[in-house]
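One structure below.
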Amino acid sequence: MMTIGPAHALAQLAATLAFADDGALPSRVLLYADAALATGGTPFDAPLAEIALAKPCGTVTDGVLTLHPAAPGGSMVLANGTPRAAHWVSGTGALVAAGTVTDVDHDGDFSIAGAPTAPGDTSPALYAGGVVLLGDVTLY
């Protein structure tokens, strides 16, 4: 496996931010109950929650891209369920990245808070009308 240089890695992260911020809408993180969507598959159900990101949607510092929500106080939960997968989509709706979802105490690709996690689970149950908070989401 090849290793890319640090300047190349920074250029890739900057390109990811530019791709994500493309379009009139803000980039968003969509939370889904279907764990299979963590690999980027096409969702058949509506998301449990949609977290709009700021524009620009993130920053790159010391070689790490960090996402920033538009509303740091949280986003409204749209439907009841336990999020298992997330899609980060651009302002045009194109998939930027997909991954697993857990609470902030576990190692998901996307971490969330806003509700308690049941014993033995790794992600909190969300309830329509509640609020979900995006935890630290970073890309190296």
Side-chain angles (χ1 to χ4, degrees):
M1 175 159 88
M2 282 196 232
T3 300
I4 64 172
H8 184 192
L10 286 175
Q12 286 183 332
L13 293 175
T16 298
L17 282 178
F19 178 81
D21 281 328
D22 190 33
L25 296 175
S27 182
R28 303 168 316 283
V29 174
L30 308 173
L31 303 178
Y32 294 99
D34 184 355
L37 295 176
T39 60
T42 302
F44 294 104
D45 295 322
L48 301 174
E50 180 175 314
I51 302 166
L53 299 176
K55 223 171 196 4
C57 64
T59 54
V60 176
T61 305
D62 296 327
V64 178
L65 183 156
T66 303
L67 296 182
H68 303 296
S75 298
M76 185 174 293
V77 176
L78 306 171
N80 296 342
T82 302
R84 305 289 181 197
H87 283 189
W88 172 20
V89 297
S90 72
T92 65
L95 182 66
V96 178
T100 59
V101 175
T102 64
D103 61 19
V104 295
D105 294 328
H106 291 86
D107 292 328
D109 301 307
F110 295 84
S111 64
I112 60 167
T117 300
D121 207 337
T122 60
S123 191
L126 302 179
Y127 299 96
V131 174
V132 63
L133 300 160
L134 186 64
D136 287 336
V137 178
T138 57
L139 182 67
Y140 299 88

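Basis for what follows: all heavy atoms, side chains included, without hydrogens, waters or symmetry-related copies. Residue numbers count from 1 along this sequence. What you are looking at is a predicted structure, and each value in this text was computed from that prediction instead of being measured.
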Qualifying salt bridge (Lys or Arg N to Asp or Glu O under 4.0 Å) pairs, either residue in residues 88-102, two or more places apart: none
Residues in side chain to side chain donor-acceptor pair (under 3.5 Å) with Ser90, at least two apart? Thr92
Residues pairing under salt bridge (Lys or Arg N to Asp or Glu O under 4.0 Å) where one sits in residues 2-20, two or more places apart or in two chains, turn out to be none
Hydrophobic cluster mates of Val64, side-chain heavy atoms under 4.5 angstrom, ILVMFWY only, any path? Tyr140
Got a sec, which hydrophobics cluster with Leu78, joining ILVMFWY side chains under 4.5 Å apart, including via others? none
Hits for side chain to side chain donor-acceptor pair (under 3.5 Å) against Asp103, two or more places apart or cross-chain, chain-then-number order -> His106, Thr117
Would you find a donor on one side and an acceptor on the other, under 3.5 Å apart, between the side chain of Thr100 and the backbone of Asp109? yes
Spacing of OG belonging to Ser27 relative to CG belonging to Asp21, to within rounding of 0.5 Å: 6.0 Å
Taking all non-hydrogen atoms of both residues, which atom of Pro124 and which atom of Ala115 are closest, and how far apart? CB-O, 3.1 Å
For Ala85, check side chain to side chain contact (heavy atoms under 4.5 Å, CB included) against everything at least two apart and list the hits. Leu37, Ala38
If you link I, L, V, M, F, W and Y whenever their side-chain heavy atoms are under 4.5 Å apart, who else ends up in the same group as Leu139? Leu10, Leu13, Leu17, Phe19, Val29, Leu31, Ile51, Leu53, Val60, Leu65, Leu67, Val77, Trp88, Val96, Val101, Phe110, Ile112, Leu126, Val132, Leu134, Val137
By the side chain to side chain donor-acceptor pair (under 3.5 Å) test, which pairs, at least two apart or in different chains, include something from residues 44-64? Arg28-Glu50, Thr59-His68
Can you tell me if Thr39 uses its side chain to pair, donor with acceptor, with the backbone of Ala36 under 3.5 Å? yes
Search all heavy atoms of Ser75 against all heavy atoms of Ala52 and return the closest pair with its distance. OG-N, 4.2 Å
Tell me the salt bridge (Lys or Arg N to Asp or Glu O under 4.0 Å) pairs involving residues 67-76, sequence neighbours left out? none
Go through the structure and list residues passing side chain to side chain donor-acceptor pair (under 3.5 Å) with Thr102, not counting sequence neighbours. none
Pairs involving residues 114-140, ordered by first then second residue, that meet salt bridge (Lys or Arg N to Asp or Glu O under 4.0 Å) (sequence neighbours left out): Arg84-Asp121
